[in-house]
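Single-structure report; data block below.
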Protein chains: 2
Amino acid sequence: MATIYEVSKAAGVSLATVSRVINGNARVSERTKEKVHKAMAELGYKPNAIAQSLASNRSNSVGLLVSELHGSFFGDMMSSIESMLRDAGKHVVITAGHSEAEKEKQAIEFLISRRCDALILNAEAVSEEYLKSLLDNNIEIILINRNIESLQERCIVLDNQLGGYLATKAAIEQGHRNIAYISGPHFKEDAQQRLAGHKQALEEAGISFDSSLCFEGGYHESEGQDGFNALFKQNNTFTALICANDEMASGAMTAAREHGLSIPNELSIIGFDNVLFARYLYPKLTTVDNPIAKMGEMAANWVLSNIYNTKTSTPINHLFKPELIIRDSLGALHAD
Amino acid sequence: MATIYEVSKAAGVSLATVSRVINGNARVSERTKEKVHKAMAELGYKPNAIAQSLASNRSNSVGLLVSELHGSFFGDMMSSIESMLRDAGKHVVITAGHSEAEKEKQAIEFLISRRCDALILNAEAVSEEYLKSLLDNNIEIILINRNIESLQERCIVLDNQLGGYLATKAAIEQGHRNIAYISGPHFKEDAQQRLAGHKQALEEAGISFDSSLCFEGGYHESEGQDGFNALFKQNNTFTALICANDEMASGAMTAAREHGLSIPNELSIIGFDNVLFARYLYPKLTTVDNPIAKMGEMAANWVLSNIYNTKTSTPINHLFKPELIIRDSLGALHAD
DNA sequence: ACTATAAATGTAAGCGCTTACATAATTAAA
DNA sequence: TTTAATTATGTAAGCGCTTACATTTATAGT
């Protein structure tokens, strides 16, 4: 693999000049520019990004930490961030934290060790202190889906409570009073907030929260099934079931059907996130839209304008509002 | 950020010694080892991976190219590769190629410029020559889902034709004779092969292939819908529909239902891939299992044993056989 | 105690770039 | 022309590590 030195020799100029034409950040006469380009082409020269990073202390890459590499939600997030950044000529280094503090730290440290210019973090398990310590060490971070009071301007979050509220309220407006809830894992902020929204809507309607109608899942399909089964066994009077994400909603739907319930006639189900497959479920899932792709873009924008100064600073929206998407899985309560 | 130099000063030893304790690849006395560890801890020292790579010409990271960052299929693939490699202390740098030759090249070159020790490629658009040229330049690559005659030992593929064959044969065995097919994009190898398998099964049963029963989609849900609609309008005599992946199958199911067809009574549908959500569709999707996670692990294993010599070489399986997963969306043809 | 060996540590030359600074070439002004 | 101001190019010192080689120190054998 050819080095800059070989190029400089072939072009009959100095290292510095070659570097200048590579980076285009200093004036070089047209004539030598051509010579250098020719030499690079002939040698098939590709700059060694590692050496560039070491010398310049910039890597043109941004780190992205997600909880998982699979799943519609994270997929959309990675996708939107990557395409926006790539369009700007930046590269994304993705790692997974698996919602475990230790693994998240490891992943973040990997990104730092690779000298990413900025980190976009969907960090769920790591402590607030740790995140702040990163800033103290001059690591540029922006958080998606996590709200830290003192780091407001670096947080991009969804109003999860509002989302939970909207879902439950929609059920109430259809006449439901016995409403079950399958929550995400309580250690996750978003799960807590969505549940809080649920309770808020219940309270507003004068319905008291019944913990036997609430199941804690882990955001996976199978836990939607488990959740339904557990709830149904324990207290099968509910006519609506709110799930903290679409995956669990689809699992719950499947389980409900196995119990012979027809949706939405006998049981209404509402999801959360509005992932792509929600509209391909049967019945089509009524859910709360989570504009994760937009949030990802916003984070990418933030990096572009704050780190690379490459964007006529788009005003950054730090708090996104979810919307209810009405489809077929929520029905009016029949007075039977 | 502390450097190795500061550590060496704090510990009262030379740079080289610090480097030795970091890498653990040369003998250092217990006493100095301790001194160095203490100094590192006190300074909060983290090796600069960039500098390490430059000096050692190894990066301990492997590059992964996938077509998209979203979607169940790629999600499973990324996930299995990452977790296996991470367990071995290696890191994965993921990029997306978006099935476009130019973007795939760019992505691969990025990975090379980051000096990844090996590349795991799910390259769909880039030419065979290009891939071979990488090897000529001593880039260690292993291909997933792509079969190149002369690179057999670096290819890990699924027997897609067998998969297509199994799906169609299953329909035939249930008495279906009018079988429609929604294919993936023809420029993709796997799509072609699956279709070939379909044709093979047809031929074996003495059914002639009818191109008006075949629609070319792009592997997305919406194209499953479009496909069904187009086929149905044109020639609605088919009683079974084979789709080249589960996403399109779910789209087709939705569209079929909108036309009032009941599945599987009036129309049987079979998918391909057996992604997680296939079992949460209604009816549960009969499909062909694509062991992508295992294939990913196999690729990771290959890297571990061939590049890092870190694995008691697991025998590498280069050709995976798919299996039919029977669920509810395929039914026997009613003699009505 | 005295070598011969082995073990531990140090020295210094890179790895392939960027960039401040110095120098040379060009252009414009007088 | 000369000189000053610009513009283009070169020189060389790093960036933070690894590693061949040299040197020193410890261990064992006699």
In residues 38-45 of chain A, which ones come under 4.0 Å of DNA chain C, going by heavy atoms?
A/Tyr45
Could you check which of [options] has an atom nearest any side-chain atom of [X]?
X       : options                : value
B/Asn48 : D/dG16, D/dT19, C/dT19 : D/dG16
A/Leu15 : D/dT9, C/dT18, D/dA8   : C/dT18
B/Val28 : C/dT9, D/dT9, D/dC15   : C/dT9
B/Ser19 : C/dG16, D/dT18, C/dT19 : D/dT18
A/Ala51 : C/dA20, C/dC17, C/dC15 : C/dC17

Rounded interatomic separation in angstrom, taking [atom1] from [X] and [atom2] from [N]:
X       : N      : atom1 : atom2 : value
A/Ile4  : C/dT18 : CD1   : C1'   : 8 Å
B/Ile22 : D/dC17 : CD1   : P     : 6 Å
A/Lys46 : C/dC15 : NZ    : C1'   : 20 Å
B/Ile50 : C/dG16 : CD1   : C1'   : 12 Å
A/Asn57 : C/dG16 : CG    : C1'   : 16 Å
B/Glu30 : C/dT9  : CD    : C1'   : 15 Å
A/Arg20 : C/dG16 : CZ    : P     : 21 Å
B/Lys35 : C/dG10 : NZ    : P     : 8 Å

Is the closest basic N to carboxylate O distance between [X] and [Y] below 4.0 Å?
X        : Y        : value
B/Glu30  : B/Lys33  : yes
A/Arg154 : A/Glu140 : yes
B/Lys105 : B/Glu109 : no

Worked verdict on A/Ser67 versus A/Ser99 for side-chain contact (heavy atoms from CB on, under 4.5 Å):
CA-CA 5 Å; A/Ser67 298; A/Ser99 304; 3.8 Å; yes
Would you work out how much the helix from C/dA1-D/dT30 to C/dA30-D/dT1 bends between its ends, with each end axis defined by five base pairs, to 10 degrees?
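Rounded value for the end-axis angle: 30°.
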Tell me whether A/Lys90 forms a cation-pi arrangement with A/Tyr308, defined as NZ or CZ under 6.0 Å from the six-membered ring centre and within 45 degrees of its axis.
yes
Side chain to side chain contact (heavy atoms under 4.5 Å, CB included) partner of B/Asn122, chosen from B/Ile81, B/Leu65, B/Asn145:
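That would be B/Asn145.
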What nucleic acid atoms does B/Asn23 come within less than 4.0 Å of, heavy atoms only: base, sugar-phosphate, or nothing?
sugar-phosphate
So B/Thr32, base contact, sugar-phosphate only, or nothing? Heavy-atom distance under 4.0 Å.
sugar-phosphate
With a cut-off of less than 4.0 Å, is there a side-chain N or O of [X] near OP1 or OP2 of [N]?
X       : N      : value
B/Thr3  : D/dG16 : no
A/Thr17 : D/dG10 : yes
A/Ser56 : D/dC15 : no
A/Ser29 : D/dT9  : yes

Which residues share a side chain to side chain donor-acceptor pair (under 3.5 Å) with B/Tyr45, sequence neighbours left out
none
Got a donor-acceptor pair under 3.5 Å from the side chain of B/Arg115 to the base of C/dG16?
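Not at all, since no donor on one side and acceptor on the other fall under 3.5 Å apart.
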How close do [X] and [Y] get, counting heavy atoms only, and between which atoms?
X       : Y        : value
B/Ile50 : B/Asn48  : N-OD1, 2.8 Å
B/Pro47 : A/Ser113 : O-CB, 4.1 Å
A/Ala26 : A/Arg20  : CB-CD, 3.8 Å

When you compare the side chains of B/Glu82 and A/His98, does any donor N or O come within less than 3.5 Å of an acceptor on the partner?
yes
Specify the residue among A/Arg58 and B/Ala16 whose closest nucleotide of DNA chain C lies further upstream toward the 5′ end.
B/Ala16
Starting at the 5' end of DNA chain D and moving along, which residue's nearest nucleotide shows up first, B/Asn25 or B/Leu54?
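Whichever sits nearer the 5' end wins; that is B/Leu54.
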